[in-house]
Each structure stands twice: as structure tokens, then as C-alpha cells.
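As C-alpha cells, the structure follows; a few thoughts come after it.
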Protein chains: 2
Amino acid sequence: MAKAKTAIVKANTEEHIRARNEKMILKAAVELFSRKGFDGTRIAEIAQVSGLPKANVYYYFATKQAIYTRLIESLLAGWDKALEHISADREPREALAAYVAAKLEYSRKHTSESRLFANEMLGGGQFISRQQKQHVRAITRERAAVIQGWIKKGKLAPVDPNHFLIMLWATTQFYADFASVTAVTLGKGRLNGADFEEARKTIVEVVLNGAIAPMEPAKNSQRSLKIR
Amino acid sequence: MAKAKTAIVKANTEEHIRARNEKMILKAAVELFSRKGFDGTRIAEIAQVSGLPKANVYYYFATKQAIYTRLIESLLAGWDKALEHISADREPREALAAYVAAKLEYSRKHTSESRLFANEMLGGGQFISRQQKQHVRAITRERAAVIQGWIKKGKLAPVDPNHFLIMLWATTQFYADFASVTAVTLGKGRLNGADFEEARKTIVEVVLNGAIAPMEPAKNSQRSLKIR
DNA sequence: GTCTATATGTTGATAGAC
DNA sequence: GTCTATCAACATATAGAC
């Protein structure tokens, strides 16, 4: 009895330690990979940032690529959720505004993951499996179909759904991925919550209503709800 | 006389060789840096791709960073030009459409340079000098002032000029920088001219007129020229 | 200008004591 | 589970013969 209990306690502790250390390694790794890419990141750096000796990193992950692949996996999983806002049963104006807000929020809270994926895309997507690519394509198609449905109902201008989605993707991720230069452009040291809010307002306003002023300019961002 | 002439010929040849080799090195380097970043790129790779022995690369460039810095320099120089389209003496509709077209074209023709800069931004802009950052900020401010002028004249919707510029920047660069995943999203192996043209149309249409359909939907992308 | 050989340090990964 | 010591391979950069 006593022996068995000890074994369980020990197992729990070991599991706990494993969970904690893996988490620390992954946290350090995503930050480094996101800034320097796969080839540019050294295991020694990951070890240093996570506060573990290099050999311990190898104890939890067989290879450098195993860490990287794990991070890509968890990122793609998190992405499906953001696109759920674009659903056929909502009004396009509301759905698109919600999507932009959610995506900006996500990219702000998961900056490193977002950058990691950007880095992976720049590198040509070498570490994304064929299966994962098919998945990305499938969920994009689903949402493009929703947009096409809105267009057919006359609720949305007749734009190419795929390119429209890419536009939304591009604008909402830019702030997180390229924060360093965005901050310089805005004349700031660092982006804060107010900057993201201003970005959200501008993106929603332009995407929904366009930049060209109507004949009788309105004062707020809801103008076209009123004048149309 | 004969001796002097020989010396001149030799110097010309040497200059020519130098120019040619430096060009090959820079061409190979921009491609590699753009895909793998600074730390991820090896001098041996640059040498291999440019068809020169590694030691020759060091003959023309003292350090790896010297190559990288040179590339950043030439990229920033090429950028100023694209922004010139946004000038106060043009109508916003025409100027913005021209800018989007020019920027897309530029990013398509200089894909590697564009990606290199994206990579540099992901890395936090470590290799961009303070002076270069100030330059970026200065030219952005100029163009933001032009946009502000359009808004004051009632020609443009009252959006934040800086964020509006960032939107244009994001949408026009996405295709070049993230071509690998964009192609997957569009269900293609590779992006071609028609894809870029469709992207241009979509971006211009959405940025100028917005995505929400007007009461009486028009059939072409010039719709708001007619109904407004 | 070209290129072989090499100095000097760093890398991903492992062996094995604790 | 932890960590020192270490390996073979590879990195940036240089010396010096041609």
C-alpha cells in the first residue's frame, strides 16, 4: 500500500515536472523561433531562455524540429477558431467586424505564435505538412463559400472571396508580426492597447465602407448604416 | 604608353570582375537572407549559390553583416519611389489605385528584397540603423499629411492616415512575402500574373469602395464612380 | 583576383555520472 | 529527472601560395 502510494505520488510529481518543463521550453522556443526562424535559433539559446541546461531540452524533445513541429501544430489549432466568426447565419457587416476584432486580439495576445507562422511562411512553409496545408485550404474554402453566399444575396460587393479573406488576414496580422516597424511608423517606441483599437477601427471602417468619402460625409464609423 | 594602356585595361577588367562578382554575391545573398534570415543564412551557402568559393565572398565583403546591411540599404532606397504616387496634387481615387498597383508590381518583381525586409521586421529590426528608422518615419509622415489633406477637403473618409497607410502596406506586400501560403489558400502551386491582377482589383475595390454592397449593386469595380 | 588550407569558435546531439 | 563533459560536424573568418 505505502509503496504503491509512493509510486503514484512520484509519478504525479514526475508528470508535473515534465509538464512544467515542456511548457517552459515551448515558451522559450516560440519566442526565439518567431524572431530568428528555424535555422537561426540555437538549442543552447532555448535552454538558456527556459532556464534549463541544454541536455535537459534534449531529454524532453528528441530534436530541434520536434519542438518546432509541435509549435506549428498548436498554432494551426488556434487558428480555426478565429475564422468561425465568418458564418453564414450572421449579417456580413457584423460578422466581418467581429472577425477583424477577434483576429487582431488574437494576434496581439499570441504575438510570438503569429510571428512564428509568418517566419515559416517566409521560409516557404517547409515544415508544414501536406496534411496541414490541405487543412488550411479547406477552412479557407469554407469561409470563402460563406462570403460568396453573402455576395449572391446582394449583401456584399462582388469581390473575389479568396483575395478578400487574404486582405483581412494581411491587415490583421501585420501589427503583431511587424510590430517593430509599425511602431516606428506610428512614431512610438511600442504599440499599446489604444494603437490596436485605432487599427481595428480603421480596418473595419475601410473594409466595410471604403476610404472614398461619400457626398455628405458622416462623423462616425457607422456612417454607411445611415446613409445607405 | 603601351604600359599605361595595359594598366588601364587591366583596371577596367578588374572593376568589371568586381562589379559582376559583387552582383552575383548580393543576388544569392538576398534570396537566402529573405528565406532564412540573418542568423539562418551561412556564408558557405551564399558562396555556393553565387558560384564562388567561400574565400572569394570574403574577398568582396569583410563580414556577413556587410552583405546584409548593403541589401537593406538598397531596399529602403527603392521604397521611397513607390510612395511618390501618393501626392497631394492627385485625386485620391486615382492616386491610391496607382499606389496599390505600383506596390504590388514592385513586390512581385522584387520578391526577395521584400521578404528580406519582412524577415528583418520579424527579427525586430536589429540591423536597421537609427537613421534608417527615422527616414522611414519621415516619409510615412509626409504621405500621412497628404492623406490628411484629402480628408480635410472631404475627398476621403475620416480615417487615421497612419493606420490607413499601414493597411495598404500590409495588403500589397502579403502576396510577395507569404506567397507559399497564399498559393495554398488559392489552391494553386504558384502565383501567376493573373493572381496578382485579381489581387490588385480586389484590394483597390475594397479600399476605395468598401465591401458592403450598396442598395443597388453595380456590376463592375468602378461602381462608385457612377453611383456617387 | 583566385582559391586551398586552416585557425578558432559554435552547433546539434549524446554518454554517462549523479 | 538533472547535468557535466564531450563529440563530430560545421560556422565565420584568415593566411598565404598561386
Side-chain angles (χ1 to χ4, degrees), chain A residues 6-33 35-72 119 123 126-127, chain B residues 3 6-33 35-71 119 123 126-127:
Chain A
T6 306
I8 290 169
V9 169
K10 193 184 173 191
N12 281 345
T13 304
E14 277 171 14
E15 261 178 50
H16 176 254
I17 289 174
R18 168 168 284 273
R20 184 183 49 121
N21 284 353
E22 281 191 1
K23 204 173 165 185
M24 290 198 313
I25 291 167
L26 289 170
K27 188 181 169 187
V30 73
E31 180 60 28
L32 287 163
F33 281 134
R35 295 217 165 266
K36 307 171 130 205
F38 182 79
D39 288 338
T41 299
R42 317 288 158 195
I43 294 277
E45 288 178 301
I46 296 176
Q48 200 192 345
V49 173
S50 56
L52 293 169
K54 196 174 66 163
N56 279 38
V57 174
Y58 278 103
Y59 176 73
Y60 291 107
F61 295 91
T63 62
K64 186 166 136 179
Q65 195 174 336
I67 306 175
Y68 193 82
T69 308
R70 175 89 149 261
L71 290 170
I72 293 276
N119 223 316
Q126 303 171 319
F127 295 101
Chain B
K3 197 178 171 186
T6 305
I8 289 169
V9 169
K10 192 182 171 193
N12 281 344
T13 304
E14 278 171 13
E15 261 179 48
H16 175 254
I17 290 173
R18 168 170 284 272
R20 185 183 47 119
N21 286 352
E22 281 190 2
K23 204 174 166 185
M24 291 197 312
I25 292 167
L26 289 171
K27 189 182 170 187
V30 73
E31 180 59 32
L32 287 163
F33 280 135
R35 295 219 165 266
K36 306 169 127 204
F38 182 79
D39 288 339
T41 300
R42 316 288 159 196
I43 293 276
E45 289 177 301
I46 295 176
Q48 199 191 344
V49 173
S50 56
L52 292 170
K54 196 174 63 166
N56 281 37
V57 174
Y58 278 104
Y59 176 71
Y60 292 107
F61 294 92
T63 63
K64 185 167 139 179
Q65 195 174 334
I67 307 175
Y68 192 83
T69 308
R70 174 92 148 258
L71 290 170
N119 223 319
Q126 302 172 320
F127 295 100

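Order of the sequence lines fixes the chain letters, A, B, ..., with proteins taken first and strands second; residue numbering starts at 1 for each chain.
Here D:dA13 is the nucleotide among D:dA13, C:dC3, C:dT14 with the atom lying nearest to any side-chain atom of B:K54. Nearest nucleotide to the B:N56 side chain, out of C:dT2, D:dT14, C:dA13: C:dT2. For B:A55, the listed nucleotide lying nearest its side chain is C:dC3; candidates were C:dT11, C:dC3, D:dA13. In this structure, of D:dG1, D:dT4, D:dT12, it is D:dG1 that holds the atom nearest to the side chain of A:Y60. For B:P53, counting side-chain heavy atoms from C-beta on, the closest listed nucleotide (C:dA13, C:dC3, D:dA13) is C:dC3.
As rounded to whole Å, 18 Å separates atom P of C:dG16 from atom OH of A:Y58. Atoms NZ (A:K64) and P (C:dG12) sit 5 Å apart, rounded to a whole Å. Distance, A:Y59 OH to D:dT2 P: 7 Å, rounded to whole Å. Spacing between atom CD1 of A:I43 and atom P of C:dG12 amounts to 6 Å, rounded to whole angstrom units. If you measure from atom CD of B:Q48 to atom P of C:dC3, you get 15 Å, rounded to the nearest angstrom. Rounded to a whole Å, the CD1 atom of A:I67 is 10 Å from the P atom of C:dG12. Counting to the nearest Å, the P atom of C:dT11 and the CD atom of A:Q65 are 19 Å from each other. Atom CG in A:D39 sits roughly 12 Å away from atom C1' in C:dG12 (whole-Å rounding).
Using cut-offs of 30° and 60° for the angle between ring planes, the A:F38 and A:F33 rings count as parallel.
Remark: B:R42 is not in phosphate contact with D:dC10, judged by side-chain N or O atoms under 4.0 Å from OP1 or OP2.
In this structure, the side chain of B:K64 engages the main chain of B:T41 through a donor-acceptor pair within 3.5 Å. Checking side-chain atoms of B:K27 against main-chain N and O of B:V49 turns up no donor-acceptor pair under 3.5 Å.
Scanning all heavy atoms of the two residues, the minimum distance from B:P53 to B:A47 falls at C-CB, 4.0 Å.
A 6.0 Å sphere centred on CD of A:Q48 holds no more than 12 heavy atoms belonging to other residues, nucleotides or ligands.
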